[in-house]
Number of protein chains: 2
Amino acid sequence: MTSAELSTRDRIVNAASDLFYGEGIRAVSVDAVAERAGVTKRTLYYHFTSKDELIAAYLQQREQPNLARFRRWYAEAEGGVAEKTRAVFRNLARAARRPSWRGCAFLRTAAELANMPGHPAIRIGVAHKKDFENWFAAMFAAEGLENPAQLARQVVILLDGAFAVVLLNRDPAYMEAAGDAAFTLVTGAPAQR
Amino acid sequence: MTSAELSTRDRIVNAASDLFYGEGIRAVSVDAVAERAGVTKRTLYYHFTSKDELIAAYLQQREQPNLARFRRWYAEAEGGVAEKTRAVFRNLARAARRPSWRGCAFLRTAAELANMPGHPAIRIGVAHKKDFENWFAAMFAAEGLENPAQLARQVVILLDGAFAVVLLNRDPAYMEAAGDAAFTLVTGAPAQR
DNA sequence: TTGATCACACTCACTAGTCGGTATACATGG
DNA sequence: CCATGTATACCGACTAGTGAGTGTGATCAA
């Protein structure tokens, strides 16, 4: 509290993050975000010109930590590329068991704002997934696998599919199944040259 | 207009379907649905006791036609199981190019209502995906593939992942990539016994 | 008479966004 | 060394409109 004071802006974004992720973007009012941040709405509108801008800030804040978490899971896992890839899914399955888990913030935002394809928040989501895919491609390329870009894309699809399905049915076993599929695909990928 | 008269209830559900799918559930008001159906709000509330009930009816209406469409795509495709499975993804890629395409209604509803896990609409979505998975499993089993249930689950995850990702980045190439992954998995599955 | 529909006013809570004003900080000029 | 200006950060109260859902009474067809 005393040492790690957050700026007002950061407190607002944190409040927005909690509420938007927990309840959904359209389900949460600007008033609710302001109240949670311990700030008046007027102050919120001093830092953000609109709710849309706040939504974008919410996703932007999640981008880096998210990527870092996946990288860590990958790095800390034992075994080869296939095992490490599968380990990412296993960690995700564990995360999905937490009651506060609500799937992937980027995917859910895209679903909620499906009628606004050019929304800044969606662009952030697109960039995030692209970064993700590129990172996987780099991992696979480093291991000398053939067609790392295609493989990375397929793994990302499995990952996002698991996110979507588990959000629907709340059964983390689907994360494991997706991880097994990724394992199979990576294992089956021929080493190049 | 004259011969194919729809019941008032059906007109309401159709209007809800168009609007909920096109704009999102929380983005569409009951008033808007009533107006689109050419009905007063009072009449809408004569047929449905709440918006939640209307949401459930919207998904229930989509369930059967959806399944039938996928079955048709599968049946009409040439080649073996793997080719037929991939064909489903290819047809989906084509569908995703239509400007009115907004992904999977069931997945998007789950994303929007992520804070209400027991919502009737979500239960309908869960049942729908389960039916889907069972149908794929039956196809794979009929072909004598080993572990058809696991394979079906992985294909469904790829399908839903493609739905989610393409809704985000609007690039149908991801559908094709998912189809290729499904093809690889099915091809690689050993015949049993 | 009964089931289905309309008209339309109404409640009450909530929504995004705004108006006008205040407290503090920090610099500049006299 | 103090007064004044200017910018930053903040707030309470407000507007104008929308949300889901209801009350009531009329109409119309089987």
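Side-chain atoms are counted along with the backbone in the values below, which use heavy atoms only and exclude waters and symmetry mates. Every chain is numbered from 1 and lettered A, B, ... according to where its sequence line falls, protein lines coming before strand lines.
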Enquirer: Go through the structure and list residues passing ring pair (Phe, Tyr, Trp, His ring centres under 6.0 Å) with Phe140(B), not counting sequence neighbours.
Expert: Phe136(B)
Enquirer: Among residues 108-124 of chain A, which ones have heavy-atom contacts with DNA chain C below 4.0 Å?
Expert: none
Enquirer: If a pair satisfies side-chain hydrogen bond (donor to acceptor under 3.5 Å, both in side chains) and one of its residues is in residues 160-171 of chain B, list it, with sequence neighbours excluded.
Expert: Lys129(B)-Asp160(B)
Enquirer: Residues two or more places apart in sequence or in another chain: which of them pass salt bridge (Lys or Arg N to Asp or Glu O under 4.0 Å) with Arg62(B)?
Expert: none
Enquirer: Select one nucleotide: of dT24(D), dT5(C), dG12(D), the one nearest the side-chain heavy atoms of Thr43(B).
Expert: dT5(C)
Enquirer: Under 6.0 Å between ring centres, would you say that holds for Trp135(B) and Phe70(B)?
Expert: no
Enquirer: Can you list, by residue number, the residues of residues 7-19 of chain B that have a non-hydrogen atom closer than 4.0 angstrom to DNA chain D?
Expert: none
Enquirer: Identify, between His47(A) and Ile25(B), the residue whose nearest nucleotide on DNA chain D lies closer to the 5' end.
Expert: His47(A)
Enquirer: Rounded to whole Å, please give me the gap between CZ in Arg42(B) and C1' in dG23(D).
Expert: 7 Å
Enquirer: What residues, two or more places apart in sequence or in another chain, satisfy side-chain hydrogen bond (donor to acceptor under 3.5 Å, both in side chains) together with Thr49(B)?
Expert: Glu53(B)
Enquirer: If you restrict it to nitrogen or oxygen atoms, what contacts under 3.5 Å exist between nucleotides 28-30 of chain D and the protein, and what is each distance?
Expert:
none

Enquirer: When rounded to the nearest 0.5 angstrom, what distance separates CG in Leu158(A) from CZ in Phe183(A)?
Expert: 14.0 Å
Enquirer: Quick one: list whatever passes side-chain hydrogen bond (donor to acceptor under 3.5 Å, both in side chains) with Thr40(A), sequence neighbours left out.
Expert: Thr43(A)
Enquirer: Tell me every residue that passes side-chain hydrogen bond (donor to acceptor under 3.5 Å, both in side chains) with Asp10(B), counting only those two or more places apart in sequence or in another chain.
Expert: Ser7(B)
Enquirer: Rounded to the nearest Å, what distance is computed from the CD1 atom of residue Ile55(B) to the P atom of nucleotide dA20(D)?
Expert: 9 Å
Enquirer: Is Val30(B) close to Val33(B) at the side-chain level, that is, under 4.5 Å between some pair of heavy atoms?
Expert: no
Enquirer: Quick test: give all pairs of protein nitrogen or oxygen and nucleotides 12-15 of chain C nitrogen or oxygen below 3.5 Å, distance rounded to 0.1 Å.
Expert:
{"from": "dT15(C)", "atom 1": "OP2", "to": "Ser29(A)", "atom 2": "OG", "distance (Å)": "3.1"}

Enquirer: Side chain of Tyr45(A) only, please: which of dG3(C), dG17(C), dC11(D) is the nearest?
Expert: dG17(C)
Enquirer: Between CG of Leu145(A) and CG of Leu151(A), what distance do you get to the nearest 0.5 Å?
Expert: 6.5 Å
Enquirer: What distance do Thr109(A) atom OG1 and Tyr21(A) atom OH have between them, rounded to the nearest 0.5 Å?
Expert: 10.5 Å
Enquirer: Can you sort out the partners of Phe20(A) under ring pair (Phe, Tyr, Trp, His ring centres under 6.0 Å), two or more places apart, ordered by chain and number?
Expert: Tyr58(A)
Enquirer: Can you list every pair that meets side-chain hydrogen bond (donor to acceptor under 3.5 Å, both in side chains) and has a residue in residues 81-95 of chain A, with sequence neighbours left out?
Expert: Trp73(A)-Asn91(A), Arg90(A)-Glu176(A), Asn91(A)-Arg94(A)
Enquirer: Ignoring backbone atoms, test whether Tyr46(A) places a side-chain nitrogen or oxygen under 4.0 Å from the OP1 or OP2 oxygen of dA9(D).
Expert: yes
